[in-house]
Amino acid sequence: MATLRDAKRSDAMAVADIFNYYVLNTSVSLELTPFAPEDMAERIVNVQAEGYPFVVLEDEGKIVGFYFLTRWNYRKGFRSTAEMVIYVRKNMRGKGLATQMMEHMFDIVKDKNYHMLVASVTMPSDGSIGVLKKYGFSKAAELPQFGRKFDEWKNIELWIKQLD
């Protein structure tokens, strides 16, 4: 069984490798350029420095997924809302890894002062929506033509879960 642990700077190459597949080949992420390992290391450090978890999922010594939470909006009134980001290595999808990471994340957020979790989903994304529904998220907003990638406008849905 895969194990979860806090990400380290030294995980940046593997995390960037997972993430960059989605950047280069899909609209799941609306990033347009791949992350260099040093940029991903900076993201890991910055997320953790703000007090949010950045966690990797490791199976037989290889990182197969990651998730992190981050501030949803930098205005102080939103400090109890966190945005959730989760990725699984492309050839490991459908093996329950996202489920394992979601359960770990919910264990962590029990001890935090989060009131609401937000997930931004570039549509269509049946897999992401299925996982979110499984964990009690509900669709809060549909933002038509809110992002652009591969010369196409992309609709974004915001899915939320109240924690307390």
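- Y114 OH to L163 CG: the interatomic distance, rounded to the nearest 0.5 Å, is 10.0 Å.
- If you chain together ILVMFWY residues whose side-chain heavy atoms come under 4.5 Å of each other, F146 ends up grouped with L30, W72, F78, M116, V118, L143, I156, L158, I160.
- Minimum heavy-atom separation, V56 to A7: CG1-CB, 3.8 Å.
- Of all heavy-atom pairs spanning K112 and G51, the tightest one is NZ-O, 3.8 Å.
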Do any side-chain atoms of residues 133-142 form donor-acceptor pairs under 3.5 angstrom with protein atoms, and if so which ones, sequence neighbours left out?
| from | atom 1 | to | atom 2 | distance (Å) |
| --- | --- | --- | --- | --- |
| K134 | NZ | T99 | OG1 | 3.2 |
| Y135 | OH | T99 | O | 3.4 |
| Y135 | OH | E103 | OE2 | 3.0 |
| K139 | NZ | E142 | OE1 | 2.9 |
| K139 | NZ | E157 | OE2 | 3.4 |

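- Open room surrounds CG on D126; 12 or fewer heavy atoms of other groups in view lie less than 6.0 Å from it.
- Contact record, V131 with A98: CG2-CB, 4.3 Å, taken as the closest heavy-atom pair.
- Contact annotation: the side chain of Q162 never approaches that of L117 to less than 4.5 Å [non-hydrogen atoms, C-beta and beyond].
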R79 and R71: side chain to side chain contact (heavy atoms under 4.5 Å, CB included), yes or no, with the steps? CA-CA 7 Å; R79 68 188 171 279; R71 186 179 304 178; 5.9 Å; no
Test side chain to side chain contact (heavy atoms under 4.5 Å, CB included) on T3 and L57 and set out the steps. CA-CA 6 Å; T3 58; L57 180 64; 5.9 Å; no
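- Minimum heavy-atom separation, S29 to Y87: CB-OH, 3.4 Å.
- For the atom pair R148 CZ and S27 OG, the distance stands at 11.0 Å (nearest 0.5 Å).
- Within the hydrophobic cluster formed by Ile, Leu, Val, Met, Phe, Trp and Tyr side chains joined at under 4.5 Å, directly or through other members, F150 stands alone, with no partner residue.
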Side-chain donor-acceptor distances from residues 59-68 under 3.5 Å, at least two apart:
| from | atom 1 | to | atom 2 | distance (Å) |
| --- | --- | --- | --- | --- |
| Y67 | OH | H104 | ND1 | 2.6 |

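- Both V85 and L69 are part of a single hydrophobic cluster, where members link through side-chain heavy atoms under 4.5 Å apart.
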Stepwise, does the side chain to side chain contact (heavy atoms under 4.5 Å, CB included) test hold for L132 with M84? CA-CA 11 Å; L132 293 170; M84 177 193 84; 3.5 Å; yes
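- Heavy-atom minimum distance, L24 versus P34: CD2-CG, 3.7 Å.
- V45 and I18 are not part of a single hydrophobic cluster, where members link through side-chain heavy atoms under 4.5 Å apart.
- By the 6.0 Å contact criterion, CG on D164 is enclosed, its count of non-hydrogen atoms from other residues, nucleotides or ligands being greater than 12.
- A donor-acceptor contact shorter than 3.5 Å is absent between the side chain of K149 and the backbone of V28.
- Put simply, the residue from Q48, E42, E50 that forms a side chain to side chain contact (heavy atoms under 4.5 Å, CB included) with N46 is E42.
- Looking at T81 and H115, their side chains never come closer than 4.5 Å, going by heavy atoms from C-beta outward.
- A side-chain donor-acceptor contact under 3.5 Å links N155 to the backbone of Q145.
- Relative to the ring axis of F106, K161 places its NZ or CZ within 45° and under 6.0 Å from the centre.
- Within the 3.5 Å criterion, the main-chain N or O of A2 finds a donor-acceptor partner in the side chain of Q100.
- Two residues are said to be in side-chain contact when any heavy atoms from C-beta on lie closer than 4.5 Å; V23 and T33 fail this criterion.
- Residue pairs meeting the salt bridge (Lys or Arg N to Asp or Glu O under 4.0 Å) criterion with at least one member in residues 81-91, sequence neighbours excluded, are D17-R89.
- Side-chain contact between V15 and F35 is absent, with no heavy-atom pair separated by less than 4.5 Å.
- Nearest heavy-atom pair, A41 versus A12, reported as atom, atom and distance to 0.1 Å: N-CB, 3.4 Å.
- Note on residues 29-41: pairs passing salt bridge (Lys or Arg N to Asp or Glu O under 4.0 Å), not counting sequence neighbours, are E31-R43.
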Could you walk me through whether M102 and I86 satisfy the side chain to side chain contact (heavy atoms under 4.5 Å, CB included) test, starting with their C-alpha distance in whole Å, then the side-chain angles of each, then the deciding distance to 0.1 Å, before giving a yes or no? CA-CA 8 Å; M102 291 288 284; I86 185 169; 4.2 Å; yes
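- Proximity of a side-chain donor or acceptor of N25 to a complementary backbone N or O of Y21 within less than 3.5 Å is detected.
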